[in-house]
Amino acid sequence: MLLTIPRQLKNFIGGDFSEPLSGKFIDVINPATGEVITQTPESDEKDIDAAVKTAQKAFLSWSITPTEMRFTILNKIASLIDKNLNFLAETETNDNGKPFWLTKKVDIPRASSNFRFFATGIMHFSNESHGMEDKAINYTLRQPLGVVGCISPWNLPLYLFTWKIAPALAAGNCVIAKPSEITPVTAYLLGQICKEAGLPDGVLNIVHGTGTNCGEAIVKHPEIKAISFTGSTRAGAQIASVAAPMFKKLSLELGGKNPNIIFADCDWEKMMKTTIQSSFSNQGEICLCGSRILIENSIYEKFKKEFTERTKALSIGDPLDENINQGAIVSKMHFDKILNCIEIAKQEGGKILCGGNAINIKGRCEKGLFIEPTIIEGLGPQCKTNVEEIFGPVVTLQSFASEGDALELANAGNYGLAATIWTQDISKANRVAAKIDSGIIWVNCWLLRDLRTPFGGMKNSGVGREGGWEALRFFTEAKNICVEF
Ligand code: NAD
């Protein structure tokens, strides 16, 4: 099978590739070169309505398709993703600006793992039963919801798109899925892969467009029973305000402003190496990146010196170059936002220890959007820079005197997605972890993922959990049946 990217992408509805009914398209730009890669449909409620109708029809048979058959088809999708690893990875890099070595090592392999994981998961997902001594037995059926909506962001395009679609399909739902309009190409290619894998028509419908036209139409559609959304807190709040009064099930994975707590007794080399990664991987465009680095007083100066030196040594450049650490920022709008945040940090009195500027790269990438990895110190926990998500290669340093201080700083602000703790005192690590208001905590590591664990945030970082049984429970309705003896 040969995957191809046409001059204009199409929606994948009912197993066919079709133009948006509006006839409107948006340019898709390679942020590393400024070139237009292709155009993506600007779909609206009419396309969503057509997709829902075909999905409702497909649901009648997909919901009763034997689990083993769903397992086989989802595994086939995973294998086809693996088979096309290089092409998908290069496409993702051109669309998003992230390094090719990263898309090849992480993004695309994770997309196939998502399908494989939930294909296997559904084979082991069982109904519970509760006996009432000699009176009765209850058993709880977990049935698919019907047609569900999955909306994903641009930072990990195919990785997060499939993280939602795979459990929804495994559980027997039919899906209306919308990737980010900024990075739609691998999602389009997933349609070609699903067709080749034999996924029945209408089971997965991929509709492209902006949040305002296409995303909102998914959220508002009365026949879409649940929304699984990953993106900004702003959009998440808007989605909740529309979906909650319609009593739709909602899973919202939103922004973060994650603390890295570094105690003096940490494993220094491991902490340094990992903190560079947790700060600047994927240009800092990972919701789990640690953007507030909290350092114990006694090692603050030592940390600052070495961390700044190592950051200055990072190479930024052509994402296709295997030797670079950091690629391009995803879009002009996001590039401007990050530079503006750095300006605000300066106005707030922050001191730039390194970076702070856009960079010009010679040759193929001279029109690309690149920003130096940036470290800022001297700002308190209430400053905008330490409160609002920047979602770029920008971190701040703050010092703390005691465990209590560290916790106060870590829990400041409205986000609660992830945190990292560095110490070799395991009792301290457990004590601090239990008191941090975050859904995900890493001790002496970062981004070590087991797909069976609950994934999601507290406070303004979201509602609900993805991963493992949590995802399969979200995409099913529990129905209890009580039988009296
Ligand atoms: P975004 O909210 O602008 O867009 C995300 C998706 O939602 C896109 O597909 C967009 O078209 C759509 N959308 C936007 N407004 C909508 C609306 N009103 N109704 C329906 N759909 C709408 O976010 P983004 O800029 O693409 O992504 C960056 C954000 O995502 C950051 O805040 C980041 O922290 C967050 N994120 C969170 C996680 C997590 O797991 N918690 C993972 C990755 C990214």
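Both counts, for ligands and for their atoms, begin at 1 and track the order of listing.
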Under 4.0 Å from a heavy atom of [X]: give me the atoms of ligand 1 that qualify, with their elements.
X	answer
Ser152	6 (C), 8 (C), 9 (O)
Ser180	9 (O)
Trp154	24 (P), 25 (O), 26 (O), 27 (O)

Using heavy atoms and a threshold below 4.0 Å, how should the contact between [X] and ligand 1 be classified: side chain, backbone, both, or neither?
X	result
Glu216	both
Arg234	side chain
Pro179	backbone
Ile151	side chain
His334	neither

Would you confirm whether the ring centroid of Phe391 sits within less than 6.0 angstrom of the ring centroid of Trp154?
->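 So the answer is yes for these two rings.
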Can the ring centres of Phe17 and Tyr188 be said to be less than 6.0 Å apart?
->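 That pair passes the under 6.0 Å test.
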Within the structure, does at least one protein heavy atom fall under 4.0 Å of atom 4 (O) of ligand 1?
->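 Protein heavy atom within 4.0 Å of atom 4 (O) of ligand 1: absent.
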If you have a sec, work out which protein heavy atom is nearest atom 38 (C) of ligand 1 and how many Å separate them, to one decimal?
-> Cys287 SG, 3.1 Å
List the closest protein heavy-atom neighbour of atom 37 (C) of ligand 1: residue, atom name, distance to the nearest 0.1 Å.
-> Leu254 O, 3.1 Å
Using the six-membered ring wherever Trp is involved, compare the ring planes of Phe307 and Phe280 and label them parallel, tilted or perpendicular (cut-offs 30° and 60°).
-> parallel
Heteroatom proximity flag, Lys178 to ligand 1, N/O under 3.5 Å |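 Yes - when backbone and side-chain N and O of Lys178 are compared with those of ligand 1, one distance drops under 3.5 Å.
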Go through the steps for Ile261 and Thr420 under the test side-chain contact (heavy atoms from CB on, under 4.5 Å), then give the verdict.
-> CA-CA 6 Å; Ile261 306 175; Thr420 306; over 6 Å; no
Evaluate the salt bridge (charged side-chain N to carboxylate O under 4.0 Å, His left out) criterion for residues Glu322 and Lys104: first the C-alpha distance (whole Å), next the side-chain angles of each, then the deciding distance (0.1 Å), finally the verdict.
-> CA-CA 11 Å; Glu322 301 270 352; Lys104 215 163 53 175; 3.5 Å; yes
Is a donor on one side and an acceptor on the other found under 3.5 Å between the side chain of Lys257 and the backbone of Glu388?
-> yes
